[in-house]
Amino acid sequence: MYSWLPSVAILARARRFDLLLSVPLMLEYESVLTRPEHLAASGASREDVSALLDELAFVGKRVELLIRTRPMLLDPNDEMVLETAINGCADAIVTFNERDSRPAAARFRCSVVRPGKVILGLAEETE
């Protein structure tokens, strides 16, 4: 499984940040994380993914999508990330896909950062 996801759940549970989630975003997470190649690479089972998604849903802040922005991104599967961020008034979108997300996010005054940078920044705050 993606090694940074459990860290996200732990930090969100500690209320170090708000993890914004929408129904379409959770469905996309499930779709991606349960792909056979991802399960094989991570050694995770579908049950492991389900447990992780349950934890994210528990600690996350549900965002209702009132504003629709599609299409703004090259990959239609990334649109729900942008819509969740906009509707949740996010300060940042945390993603490995900076290049594709940055121009659209900038239109809504939302920064785009990589997961490692955020986790390191949160770790530095606790030192």
[X] side, atom [atom1]; [Y] side, atom [atom2] - distance, nearest 0.5 Å:
| X | Y | atom1 | atom2 | value |
| --- | --- | --- | --- | --- |
| H38 | S31 | NE2 | OG | 9.5 Å |
| L120 | R114 | CG | CZ | 11.5 Å |
| L27 | L21 | CG | CG | 11.5 Å |
| T84 | R62 | OG1 | CZ | 11.0 Å |
| C89 | D18 | SG | CG | 11.0 Å |
| R102 | S111 | CZ | OG | 8.0 Å |

(message) Can you confirm whether D54 is buried at CG, in the sense that more than 12 heavy atoms of other residues, nucleotides or ligands lie under 6.0 Å from that atom?
(response) yes
Looking only at heavy atoms, what is the nearest atom pair of [X] and [Y], with distance?
| X | Y | result |
| --- | --- | --- |
| M26 | L53 | CE-O, 3.3 Å |
| L65 | P24 | CD1-CG, 3.7 Å |
| A85 | C110 | CB-SG, 4.5 Å |

(message) Name the residue from V112, I93, D100, T95 that meets the side-chain contact (heavy atoms from CB on, under 4.5 Å) definition with L82.
(response) I93
(request) Only one of V81, I86, N87 passes side-chain contact (heavy atoms from CB on, under 4.5 Å) with E83; say which it is. (result) N87
(request) Could you check if a side-chain atom of M80 sits within less than 4.5 angstrom of a side-chain atom of L25, using non-hydrogen atoms only? (result) yes
Do the side chains of [X] and [Y] join up, straight or via other hydrophobic residues, at under 4.5 Å, putting them in one cluster?
| X | Y | value |
| --- | --- | --- |
| F58 | V23 | no |
| L20 | F108 | no |
| I67 | V63 | no |

(request) Please confirm whether the backbone N or O of S45 pairs with a side-chain atom of D48, one donor and one acceptor, at under 3.5 Å? (result) yes
